A.B. asks: 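Okay, here's the structure, questions in a sec.
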Number of protein chains: 2
Amino acid sequence: MSSYCVATYRCHDDKADFHKKAQSIAVGLTVGSWTELPSAKQKQMEKHLGQVLSVEVTEPTGSAVDLANGTAERYADIRIAYPDINFSADIPALLVTVFGKLSMDGKVKLIDLQFSPSFLDGFGGPKFGIAGVRELLGVHDRPLLMSIFKSVVGHDLEELSHQFYGQAAGGVDLIKDDEILFENPLTPIEKRVEACMEAAGRAQAVTGQKLLYAVNVTGPASKLADQAKRAIDAGANALLFNVLAYGFDTLRELSADPDINVPIAAHPALSGALYPSPHYGISASVLLGKLMRLSGADLVLFPSPYGSVVMPKAENMAIRHALVTNNLQQDYVYRAPEQSGTDTYPILRGSFPVPSAGIHPGLVPWIIRDFGTEVVVNAGGGIHGHPLGTAAGGQAFRQAIDAVMNGVSLAEYAESHPELGAAIERWGAKE
Amino acid sequence: MSSYCVATYRCHDDKADFHKKAQSIAVGLTVGSWTELPSAKQKQMEKHLGQVLSVEVTEPTGSAVDLANGTAERYADIRIAYPDINFSADIPALLVTVFGKLSMDGKVKLIDLQFSPSFLDGFGGPKFGIAGVRELLGVHDRPLLMSIFKSVVGHDLEELSHQFYGQAAGGVDLIKDDEILFENPLTPIEKRVEACMEAAGRAQAVTGQKLLYAVNVTGPASKLADQAKRAIDAGANALLFNVLAYGFDTLRELSADPDINVPIAAHPALSGALYPSPHYGISASVLLGKLMRLSGADLVLFPSPYGSVVMPKAENMAIRHALVTNNLQQDYVYRAPEQSGTDTYPILRGSFPVPSAGIHPGLVPWIIRDFGTEVVVNAGGGIHGHPLGTAAGGQAFRQAIDAVMNGVSLAEYAESHPELGAAIERWGAKE
């Protein structure tokens, strides 16, 4: 019984025969040649041959709508099924097979991946996932709130601890390191964890709530796991990781390591080199959605459609879907027609979507409208820049979340909640 | 004394104030905020602050030439110096610092990197390099010749060994695995190495020349080094590695490992997701040039400007320059104005450029004209597709190289060399 993973490509070309191109991809990236093989050899090689599933050509109409939508160019969406037997069950092998050479061959973007049940079998997915992170925090009935340090480079432990306390005192659920904080003499990782977790303890005595601190794991690739374990030994209860700088398999290994028993937040640093072009690269929903979840990210940050670093909302929704859907069969899993539909396959835990950048309390209704409640509201400037201080910044977000969860408008809730009121006065509210 | 690495960005924007944007990058990716800091704090933080070195704005002229060259859009090249003190001396930290968040912030492409002497100090570069690979092969007076298996997926050891012998018998210097050959039951890496090196020995008895076989190292990230060592124990005398699937630091670690004492050929698989867009990503000269050499690739494959998978020639030349230049100071190294110019810094060995795809013997004069003799001529179809067979395919290439090295035209040389003659008849010659 054959088993396939499926790649979907968007190819732009003014005049290509896309059906021919699809055939040449299916053959070229698998058995190499086909029509010239003797039929006995074809029979032997058939299980290795890529299959063209569909070719959907979109011709430009030249209409104003096309021009406005950037769909004025001729393109085709091509789906190809690749036999699992051709590659080992790891992300580098899959990506190199379906997009290694092809990525260099004209205007072609990898816009979707579907995994076979047997390929998926090799992946544990997030160790905690959405439910596990909620369990650690004891919060089940509302979106979570994450905050980001204001500035970290050049600051010492005392300053970091001070910033940390201010954020924690406002009632945030998670605090993440800045992704550009590396090993440095002022705030080495173990000392940093100790100082911040001490501040977390002091804040908990006031707020009565738990908090996860995602410390940035950095440095030589083969030492990442050791560094993570040292941080955990020092008290770290979450990790931050710049996945694209190291590759998805390194995230998978960190996530699968039984001694790394804390949630991992995946940072999207460098991903903008890959997803924004309409002609080249890998779509955001594959890169920051499916592959992050598959590799075991418990939380995934990505640019929100609301703020300064903007990703189109449709792409945000596609990432969200890839991270949280339980309808894995339709979107994640491809079954070849001859496969029975009754065998089981693993359902990966969901990853928390964390739309980031430019978030202030007035956007909370939009975030919850777009993402539902399985979302982490993440803010930096929107917390530190609060007119009444950092702690008030966190409180304003928590109040905004409470208002939405209770079906009360922010404007009304702000009347009895001065921190939210001050935030709305500063940044406005979109309801 | 401050020490800086420098990133150059090309930013496209119809109306941005590029000088303001440059300042906001320099501050935003380092200390976070600046003008609002008290002056005592500024003094303390100054050594962490990014510096704008230059902003060159190109306004569109609307001319036909601009339109034809794709330079009809407004853009600026912005150079920013980042203090080394802000990041650890590794490629992930440098890339995340200079392009982590920024990659997601509009139309911005990373088009160059210059390293400080102290950053470079942490890198050994290629263990063999151009001279070392020549030494292993005992070939000093001509371009090298590499060949690629015709098809590998679904073939067994006997078939691979047969293909290998055909290539080796033609007098090629290096044979590389296909990058899509992963661990598989038909040709597991140790058995494959044994079978191919046995074929290499038989061929050497005929040709009298040495040969390197670059076997593909694949699988889980943390097991790559072990796999490489097992392959070497089984007789492998070179490695192939899909660098982009694992990240540059993993290549650096393989290269720096004292037990991995064979040359490493870097494959460009997936790089097309990053370099071709004019608006996004990382330029080919950084990705397949400077970072590959810095990470220790002894040979670097990239799409040639001649064949089917086309990269513009100017980009090929920029990659070549990054791989082979000894004029490191100008292109690789940035010295801050206050730094003395007399201290020493490491000169990395050069990496062999391997322009690939669509190469046939008739292109050899062009390759040598463009690349000089420090180049590896690399062919697949141009060897296997030779009318007189695979061995004749290799011979035709060796003859083409000999012709050019002796200043004889291919047409003239072909008169007394039937293999070259048949190749030219099949594919033509560009002289």
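Below, chains carry the letters A, B, ... as their sequence lines are ordered, and counting in each starts from 1. Computed from a prediction, not measured in an experiment: that's the story for all the values here.
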A.B. asks: Quick one: closest heavy-atom pair of B:Phe182 and A:Thr97, and the distance?
C.D. replies: CE1-OG1, 3.2 Å
A.B. asks: With a 4.5 angstrom heavy-atom cut-off, could you sort out which part of B:Pro83 is near chain A: side chain, backbone, both or neither?
C.D. replies: neither
A.B. asks: For chain A, which of B:Val153, B:Asn242, B:Leu110, B:Thr250 has the most heavy-atom pairs under 4.5 Å?
C.D. replies: B:Val153
A.B. asks: Which bit of B:Ser222 comes within less than 4.5 Å of chain A, counting heavy atoms only: side chain, backbone, both or neither?
C.D. replies: both
A.B. asks: With a 4.5 angstrom heavy-atom cut-off, could you sort out which part of A:Ser277 is near chain B: side chain, backbone, both or neither?
C.D. replies: both
A.B. asks: Taking all non-hydrogen atoms of both residues, which atom of B:Gly154 and which atom of A:Gln44 are closest, and how far apart?
C.D. replies: O-NE2, 4.1 Å
A.B. asks: Is it the backbone or the side chain of B:Leu29 that comes under 4.5 Å from a heavy atom of chain A, or both, or neither?
C.D. replies: backbone
A.B. asks: Between B:Leu270 and A:Leu95, what is the shortest heavy-atom contact and its length?
C.D. replies: CD2-O, 3.5 Å
A.B. asks: Based on non-hydrogen pairs under 4.5 Å, which of B:Val108, B:Val96, B:Asp90 is most in contact with chain A?
C.D. replies: B:Val96
A.B. asks: Measure A:Pro268 against the heavy atoms of chain B and call it side chain, backbone, both or neither at under 4.5 Å.
C.D. replies: both
A.B. asks: Heavy-atom count around B:Lys41 NZ within 6.0 Å, excluding the residue itself: above 12?
C.D. replies: yes
A.B. asks: So which atom in B:Ala245 and which in A:Pro92 form the shortest heavy-atom distance, rounded to 0.1 Å?
C.D. replies: CB-CB, 3.8 Å
A.B. asks: Go through the steps for B:Met104 and A:Phe302 under the test side chain to side chain contact (heavy atoms under 4.5 Å, CB included), then give the verdict.
C.D. replies: CA-CA 9 Å; B:Met104 297 178 276; A:Phe302 51 88; over 6 Å; no
A.B. asks: Let me see the working for B:Ile180 and A:Phe87 under side chain to side chain contact (heavy atoms under 4.5 Å, CB included), right down to the final yes or no.
C.D. replies: CA-CA 7 Å; B:Ile180 59 166; A:Phe87 46 87; over 6 Å; no
A.B. asks: Search all heavy atoms of A:Gly272 against all heavy atoms of B:Ser103 and return the closest pair with its distance.
C.D. replies: N-OG, 3.0 Å
A.B. asks: Can you tell me which of A:Leu224, A:Val152, A:Leu181, A:Asn86 forms the most heavy-atom pairs within a distance under 4.5 Å of chain B?
C.D. replies: A:Asn86
A.B. asks: To the nearest 0.5 Å, what is the distance between OG (A:Ser33) and NZ (B:Lys150)?
C.D. replies: 5.0 Å
A.B. asks: For A:Asp249 and B:Ala221, indicate whether the former's side chain and the latter's backbone hold a donor-acceptor pair under 3.5 Å.
C.D. replies: yes
A.B. asks: Relative to chain A, which segment of B:Asn184 carries a heavy atom at a distance below 4.5 Å: side chain, backbone, both, or neither?
C.D. replies: neither
A.B. asks: Report the option among B:Ala269, B:Gly247, B:Ala89 that has the most heavy-atom pairs separated by less than 4.5 Å from atoms of chain A.
C.D. replies: B:Ala269
A.B. asks: Can you establish whether the number of heavy atoms outside A:Gln42 located under 6.0 Å from its atom CD is more than 12?
C.D. replies: yes
A.B. asks: Give, for atom CG of B:Leu244 and atom CZ of A:Phe99, the distance between the pair rounded to the nearest 0.5 Å.
C.D. replies: 11.5 Å
A.B. asks: Against chain B, work out which of A:His279, A:Lys109, A:His155 has the most heavy-atom pairs shorter than 4.5 Å and name it.
C.D. replies: A:His155
A.B. asks: Taking all non-hydrogen atoms of both residues into account, name the closest pair between A:Val31 and B:Ser151 and its distance.
C.D. replies: O-CB, 3.3 Å
A.B. asks: Count the heavy-atom pairs under 4.5 Å between each of B:Lys107, B:Lys47, B:Glu159 and chain A, then report the option with the highest count.
C.D. replies: B:Glu159
A.B. asks: For B:Glu179, is it the side chain, the backbone, both, or neither that has a heavy atom closer than 4.5 Å to a heavy atom of chain A?
C.D. replies: both
A.B. asks: Rounded to the nearest 0.5 Å, what's the gap from OH on A:Tyr280 to OH on B:Tyr280? Could you check?
C.D. replies: 13.0 Å
A.B. asks: Can a side-chain donor-acceptor contact be found between B:Ser88 and A:Glu183 if the only test is distance below 3.5 angstrom?
C.D. replies: no
